[in-house]
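Just so it is clear, the model here is predicted, and its values are computed rather than measured. In what follows, chains carry the letters A, B, and so on, assigned in the order in which the sequence lines appear, proteins first and then strands, with residues in each chain numbered from 1.
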Protein chains: 2
Amino acid sequence: MAESDFTMQDEMRRAFAMLSGKWKLEIMWLLHQRVYRFGELRKAIPGITQHMLSAQLRELEADGLVSRTVFAEVPPRVEYEMTQKALGLGPTMAALTVWWEEYGKTIPPRPSTRGRKAEAQSGQKGRSSEAR
Amino acid sequence: MAESDFTMQDEMRRAFAMLSGKWKLEIMWLLHQRVYRFGELRKAIPGITQHMLSAQLRELEADGLVSRTVFAEVPPRVEYEMTQKALGLGPTMAALTVWWEEYGKTIPPRPSTRGRKAEAQSGQKGRSSEAR
DNA sequence: CGGTATCCAAAATGATACTG
DNA sequence: CAGTATCATTTTGGATACCG
């Protein structure tokens, strides 16, 4: 089971690229729950700008993960939702949510760049996280 | 199950931040399988540079997802592995893998950023993804 | 309301050189 | 082997203007 893993990782690379945008995980996590309008996404994602939201959505759309629906009304309404392909990400999002509920709360607010303990013993295999 | 979802999303934001680096998903996907040395990660992740690999690993370490172990040998050896907390990401990685195996292969190589056509029809609710 | 276009600042990433 | 330092390039953030 060694070599085949590398091949699989090779295949997975495109999946990582599709989800690696700075806001894509958050957008997909929201859309996996329900349909969102453009403005709703903006409000739901505090730090994001129109520019970036628009750009990330266009990329997700180009990758076939999100569909864009325009309603010719006044005022204009545009809805975003996951495509059939992306709906399969449901279990992934669910697993991620479960993980964070279990372990996330035990992770400190952000160690930031804190000093770490001393390190390594002698030549032994003793494990150490040594400092920078 | 409406209002609580928004609170949850708020909690999740830190999790997204931890995994949103350009190479973090790929790194975590690899480490969820086994322990890797620095050089092994480099070879396993074709496009990455030393600089980025080092930086992303430091961030993952700061977030408590990865542990770094230095062996005082010659030549130097450093191993990276998931922490106990991050091991809970296993189901997430597995679900992601399953998803890509099922749907990924049906997604075209990349539509790239092509111009989009005009949109929406008349005032009806008719959904239109308008062609690219 | 839901965008796109611009311009500029800041941050993230990439390339190359050098070190313990 | 496993990095760090430095500098170039690319992405992203922010503000504003403008459009259907």
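With the nearest nucleotide of DNA chain D identified for both A:P76 and A:T49, A:T49 has the one nearer the 5' end. Ranked by how close their nearest DNA chain C nucleotide is to the 5' end, B:I48 and A:Y80 are led by A:Y80.
At whole-Å resolution of the value, CG in B:L57 and P in D:dG3 are 8 Å apart. Rounding to whole angstrom units, NE2 of residue A:H51 and P of D:dA15 are separated by 14 Å. The separation between A:L53 atom CG and C:dA5 atom C1' is 17 Å, rounded to whole Å. Nucleotide C:dG2 holds its P atom 8 Å from the CZ atom of A:F38, rounded to whole Å. One can place CD1 of A:I27 at 11 Å from P of D:dT12, the figure rounded to the nearest angstrom. Here the C1' atom of nucleotide D:dA15 and the CE atom of A:M52 are 16 Å apart, to the nearest Å. A:E26 has its CD atom 15 Å from the C1' atom of D:dT12, to the nearest Å. Between the C1' atom of C:dA12 and the CD atom of B:E59 lies a distance of 9 Å, rounded to the nearest Å.
Look at B:W23 and you won't find any side-chain N or O under 4.0 angstrom from OP1 or OP2 of C:dT13. For D:dT10, the OP1/OP2 oxygens have no side-chain nitrogen or oxygen of B:K22 closer than 4.0 Å. Between B:S54 and D:dA2 there is no side-chain N or O to OP1 or OP2 distance below 4.0 Å. Considering only side-chain N and O atoms, A:Y36 lies nowhere under 4.0 angstrom from the phosphate OP1 or OP2 of C:dG2. OP1 or OP2 of C:dG3 has not a single side-chain nitrogen or oxygen of A:R58 nearer than 4.0 Å. Phosphate contact (OP1/OP2 of D:dG3, side-chain N/O of B:R42, threshold under 4.0 Å): absent.
For A:W29 (side chain) and B:Q9 (main-chain N/O), no donor-acceptor pair under 3.5 Å exists by modelled atom type. The backbone N or O of B:L87 lies less than 3.5 Å from no partner atom in the side chain of A:W99, so there is not a single donor-acceptor pair.
As judged by a 4.0 angstrom heavy-atom cut-off over every strand, B:Q56 is placed among residues touching the sugar-phosphate backbone only. At the heavy-atom level, A:G47 lies under 4.0 Å from the strands shown only through sugar-phosphate atoms. When heavy atoms are screened at a 4.0 angstrom cut-off, A:R37 is found touching the sugar-phosphate backbone but no base atom.
Contact of the A:T69 side chain with the A:V35 side chain is not registered, since no non-hydrogen atoms from C-beta on lie closer than 4.5 Å.
Between the OG1 atom of A:T97 and the CD atom of B:E11 there is a distance of 12.0 Å, given to the nearest 0.5 Å.
With A:F38 as the aromatic partner, A:R42 does not meet the cation-pi criteria of under 6.0 angstrom to the ring centre and within 45 degrees of the ring axis.
On a pure distance criterion of 3.5 Å, a polar donor-acceptor pair joins the side chain of B:Q50 and the base of C:dA17.
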